[in-house]
Structure formats: C-alpha cells, structure tokens
Amino acid sequence: MNYELAKQTPFLELRDGNRLPQVGFGTYKLRGAAGVNTIQQALNNGYRALDTAVNYENEGSVGAAIRRSSLAREELFISSKLPGRHHQYQEALTEIQESLYRMQLDYFELYLIHWPNPLKDQYVEAWQALIDAQRFGLVRSIGVSNFLPEHLQRLEKETGVLPVVDQIELHPYWSQPKQLSFDREHGIVTQAWSPLGRANAVLKDPLIKKIAVAHNKTIPQIILRWETQLGAAVIPKSSSTSRQIQNLTLFDFELSAAEVTAISSLDKDNGRTNNQNPAVYQEF
C-alpha cells in the first residue's frame with residue numbers, strides 16, 4: 001500500500017467546505033473481475049478518489065474494489081453521476097439511492113449530473129433532486145459534468161445553488177480557457193475528464209515531448225501537471241501499475257509559466273475527442 005504517494009496528492013477546497021483530491025482515478029470501461037483488480041491496484045498505488053457513473057455500468061465493480069481494500073471509508077473520496085434518463089426529480093432521487101445500494105455505500109462524497117441534455121430540458125429538476133439528496137445526507141457535495149456557463153447560470157437563477165464541481169473534457173487540444181475562467185470566477189472547481197485525451201495524438205505531440213525531456217518526465221505527467229497548474233483536478237485512468245504511479249507523481253516538479261502557455265497554445269477549434277458538444281449533445 002503506497003501511503004507516501006497518497007499523502008503527496010494535494011486537495012482542492014470546495015466552496016461547501018469539503019475537499020477534493022486533485023488527482024483521482026477514472027474507472028470508465030473498468031468492469032467485472034478485471035475491473036475490480038485494476039481499481040483495487042489503483043487504491044494500493046496511492047489513489048484515494050474514484051470516479052464512476054451509472055452509465056459506466058461498473059458501480060458494482062468499484063464498490064467491490066473498495067470493500068476488498070484495507071482502506072477506511074473516511075480515507076476515500078467516491079463520486080458517481082446521474083444519467084439523462086433519470087433527470088425527473090423523483091427518479092433522480094431514487095437513482096442516487098440505487099447507486100449507493102449497488103456500491104454498498106452509505107453516502108457519496110460527490111454526485112454529479114452527467115450531462116445537461118438541454119434538448120430534453122430537465123436538468124434543473126435533476127439539480128433540485130441533488131440539492132435535496134445532499135440535505136438528506138446521501139451526498140456530501142453536489143456538482144455537474146459537461147455543463148456550459150449558460151447551464152450553470154440557469155441552475156443558480158432557478159435554485160439559488162451553484163455546483164461546487166464541473167467535470168469537463170479538458171486536455172491540451174481542448175483546453176477550455178473560457179470555461180475554466182467562468183468556473184474559477186464562480187467558485188467552481190473544474191475537474192478534467194479524459195485529461196490525456198483518451199490516448200489520442202496529444203500523447204505524441206512534439207512540443208509536449210520536448211518539455212517532457214527537459215523535465216525528465218513522461219508526456220502524460222507533463223499534461224497532467226499542466227492541468228493541475230491551471231487549477232483543475234484530474235482523473236486519469238490506467239491499468240498499468242507503473243503508469244498509475246507516474247500519473248500520481250506530479251508534484252515533485254513544476255512547469256514554467258512559458259511552458260504552461262505553450263501547452264495551452266496547442267488548443268484546437270475542433271479539439272473535442274468525440275464531438276460531444278454539451279449545447280446539443282444528449283446522453284441517456
């Protein structure tokens with residue numbers, strides 16, 4: 001059990017007084033026995049935050065890995081996400097309970113609305129359910145995923161409550177400076193999903209490779225450090241022990257301001273991995 005590496009991971013203070021580990025472990029596509037083993041391995045290697053979702057269909061595997069771990073519940077930060085098909089208020093509350101039953105947990109540290117699904121337009125109703133789930137003690141902190149400024153402003157206008165976390169696609173080819181700035185100005189912590197671009201061309205980018213050589217680090221370490229220096233939290237995923245450890249070893253070096261700017265300049269107009277524009281994308 002790598003307690004030293006776990007201790008090196010900083011926390012980001014959430015507006016509600018809770019704390020989010022800046023580096024967590026993404027569990028997308030980790031399912032069944034193999035998934036349990038990989039997630040348990042991540043916990044052993046020093047990860048304390050696990051990110052899942054109803055639509056990943058692996059909450060049972062994540063829960064099993066937690067139970068097989070020797071870690072105390074209070075050492076962990078567990079988050080999951082509500083799918084679009086359950087945005088109706090009572091369905092949302094029931095689904096949060098079902099998520100907890102599947103994982104055999106009493107509460108989540110963080111629960112998110114997975115996508116706004118604006119064409120269906122029930123995300124405000126879903127948000128009210130999360131507000132109440134927090135009040136009922138099912139969830140410690142509440143947030144959203146893939147919400148644009150217009151969605152966030154509407155939540156505040158209609159409920160008076162802003163999310164403490166907005167989990168968005170963020171990597172050097174899609175760096176989202178406007179969203180990052182909006183979140184920062186409104187006390188919302190940005191958390192990056194696919195922080196390494198789902199292993200696309202960004203992992204071969206010559207500029208990032210040059211910076212990696214200069215710091216004697218890997219390209220993923222440079223990308224993750226860039227994101228953390230932007231103030232974001234990250235949830236990389238890897239099945240390899242060595243890469244899991246590398247993805248946590250981010251705080252023994254620092255990128256210069258010029259290096260951060262250079263990586264940010266790699267942003268592309270069409271940099272989204274799967275062209276999932278939250279203004280129109282629907283996920284149920």
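Basis for what follows: all heavy atoms, side chains included, without hydrogens, waters or symmetry-related copies.
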Is the shortest heavy-atom distance from the side chain of Leu82 to the side chain of Val54 under 4.5 Å? no

State whether the side chain of His215 and the backbone N or O of Ala212 hold a donor-acceptor pair below 3.5 Å, judged by distance alone. no

When Val234, Thr218, Val23 are each screened for side chain to side chain contact (heavy atoms under 4.5 Å, CB included) with Leu224, the one that passes is Val234

Return yes if a side-chain donor-acceptor contact under 3.5 Å exists between Thr94 and Gln97, otherwise no. no

Residues clustering with Leu14 (ILVMFWY side chains joined when closer than 4.5 Å, directly or via others): Leu12, Leu20, Phe77, Leu110, Leu112, Val164, Val165, Val189

Would you confirm whether Arg184, through its side chain, and Gly231, through its main-chain N or O, come within 3.5 Å as a donor-acceptor pair? no

Distance, nearest 0.5 Å, that separates CG of Leu255 from CD1 of Ile223: 11.0 Å

Nearest heavy-atom neighbours spanning Leu170 and Ser175: CD1-O, 3.0 Å

Is it the case that atom CZ in Arg68 sees more than 12 heavy atoms from other parts of the structure closer than 6.0 Å? no

Minimum heavy-atom distance Asp267-Tyr173, with the two atoms named: OD1-O, 3.6 Å

What do the steps show when you test Glu57 against Lys29 for salt bridge (charged side-chain N to carboxylate O under 4.0 Å, His left out), and what is the final call? CA-CA 8 Å; Glu57 298 182 336; Lys29 290 189 175 180; over 6 Å; no

Decide whether His86 and Glu91 meet the rule of one side-chain donor and one side-chain acceptor closer than 3.5 Å. yes

Sidechain-backbone polar pair: Trp127 side chain, Val161 backbone, donor-acceptor under 3.5 Å: yes

So, taking the atom named CD1 in Ile39 and the one named CG in Asn58, what distance separates them when rounded to the nearest 0.5 Å? 5.5 Å

For Tyr101, I'd like to know if atom OH has over 12 heavy atoms of other residues, nucleotides or ligands within 6.0 Å. no

Using a 4.5 Å cut-off on heavy atoms from C-beta on, say whether the side chain of Trp193 contacts that of Ser145. yes

Are Ser240 and Ser238 close enough that a side-chain donor and a side-chain acceptor fall under 3.5 Å? no

Does either side chain, that of His171 or that of Glu169, offer a donor lying less than 3.5 Å from an acceptor on the other one? yes

Any side-chain donor near an acceptor of the partner, Gln40 and Ser69, under 3.5 Å: no

Considering only heavy atoms from C-beta outward, does the side chain of Pro220 approach that of Asn247 to under 4.5 Å? yes

Side chains of Thr190 and Asp166: any donor to acceptor distance under 3.5 Å? no

Taking all non-hydrogen atoms of both residues, which atom of Ile142 and which atom of Gln134 are closest, and how far apart? CD1-OE1, 3.6 Å

Donor-acceptor pair, distance only, cut-off 3.5 Å: does the side chain of Gln8 make one with the backbone of Leu5? no

Does the Glu259 side chain pair with the main chain of Ser256, one donor and one acceptor, at a distance under 3.5 Å? yes

Is there a path of hydrophobic side-chain contacts, each under 4.5 Å between heavy atoms of I, L, V, M, F, W or Y residues, that connects Leu196 with Leu248? yes

Is it the case that one hydrophobic cluster holds both Ile219 and Ile211, taking links as side-chain heavy atoms less than 4.5 Å apart, direct or via other members? yes

Ion pair Lys210/Asp205, N-O distance below 4.0 Å: no

Donor-acceptor check, side chain of Asn117 to backbone of Glu283, threshold 3.5 angstrom: yes or no? yes

Does NZ or CZ of Arg140 fall inside the cone over Tyr107's six-membered ring, less than 6.0 Å from its centre and within 45° of the axis? yes

Does the pair Trp226 and Ser264 meet the rule for a side-chain contact (heavy atoms from CB on, under 4.5 Å), with working shown? CA-CA 9 Å; Trp226 165 75; Ser264 296; 3.0 Å; yes

Side-chain ion pair, Asp183 and Lys178, N-O less than 4.0 Å: no

Expected output: side-chain Asp16 to main-chain Asn18 donor-acceptor under 3.5 Å: yes

State, yes or no, whether a side-chain contact exists between Gln244 and Gln41 at a heavy-atom distance under 4.5 Å. yes

Can a salt bridge be assigned to the pair Glu109 and Arg73 using a cut-off of 4.0 Å between side-chain N and carboxylate O? yes

Within the 3.5 Å criterion, strictly below it, is a donor on Tyr123 or Glu125 matched to an acceptor on the partner's side chain? no

Just so I know, are the side chains of Gln167 and His114 near enough to count as touching, which here means a heavy-atom distance under 4.5 Å? no

Taken to the nearest 0.5 Å, the spacing of Leu130 CG from Ile96 CD1 works out to 4.5 Å

Report the residues that fulfil side chain to side chain contact (heavy atoms under 4.5 Å, CB included) with Asp269, sequence neighbours left out, ordered by chain and then residue number. none

Nearest heavy-atom contact between Phe253 and Ile222 is CE1-CD1, 3.8 Å

Distance col, row Gln104:CD vs Asp106:CG, nearest 0.5 angstrom, shows 10.5 Å

Does Asn216, at its CG atom, have more than 12 non-hydrogen atoms belonging to other residues, nucleotides or ligands within less than 6.0 Å? no

Decide, yes or no, whether a salt bridge links Lys81 with Asp51 under the criterion of side-chain N to carboxylate O below 4.0 Å. yes

Closest heavy-atom contact between Pro172 and Pro195? CD-O, 4.4 Å

Taking the side chain as every heavy atom from C-beta outward, state whether Trp115 and Gln282 have any atom pair closer than 4.5 Å. no

Measure from the side-chain N and O atoms of Arg85 to the backbone N and O of Phe284, and report whether any donor-acceptor pair falls under 3.5 Å. yes

Hey, what's the ring geometry for His186 with Phe182, parallel, tilted or perpendicular (30° and 60° as the breaks)? parallel

Validation row: Asn2, Glu4 side chains within 4.5 angstrom (heavy atoms): yes

Under 3.5 Å, is there a donor-acceptor pair between the Glu59 and Ser99 side chains? yes

Report the distance from atom CG of Leu76 to atom CD1 of Ile66, rounding to the nearest 0.5 Å. 6.0 Å

Within this structure, what is the CZ-CG distance for the pair Arg243 and Asn45, rounded to the nearest 0.5 Å? 12.5 Å

Going by an N to O cut-off under 4.0 Å, is there a salt bridge joining Glu74 and Arg48? no

Polar side chain donor-acceptor pair, Asn270 to Trp174, under 3.5 angstrom: no

Minimal heavy-atom distance between Gly143 and Pro163, with the atoms involved, is CA-CB, 3.7 Å

pair Pro10-Gln22: side-chain heavy atoms closer than 4.5 Å: yes

Given 3.5 Å as the limit, does a donor-acceptor pair link the side chain of Thr159 with the main chain of Gln128, or not? no

Does Arg225 use its side chain to pair, donor to acceptor, with the backbone of Glu254 at less than 3.5 Å? no

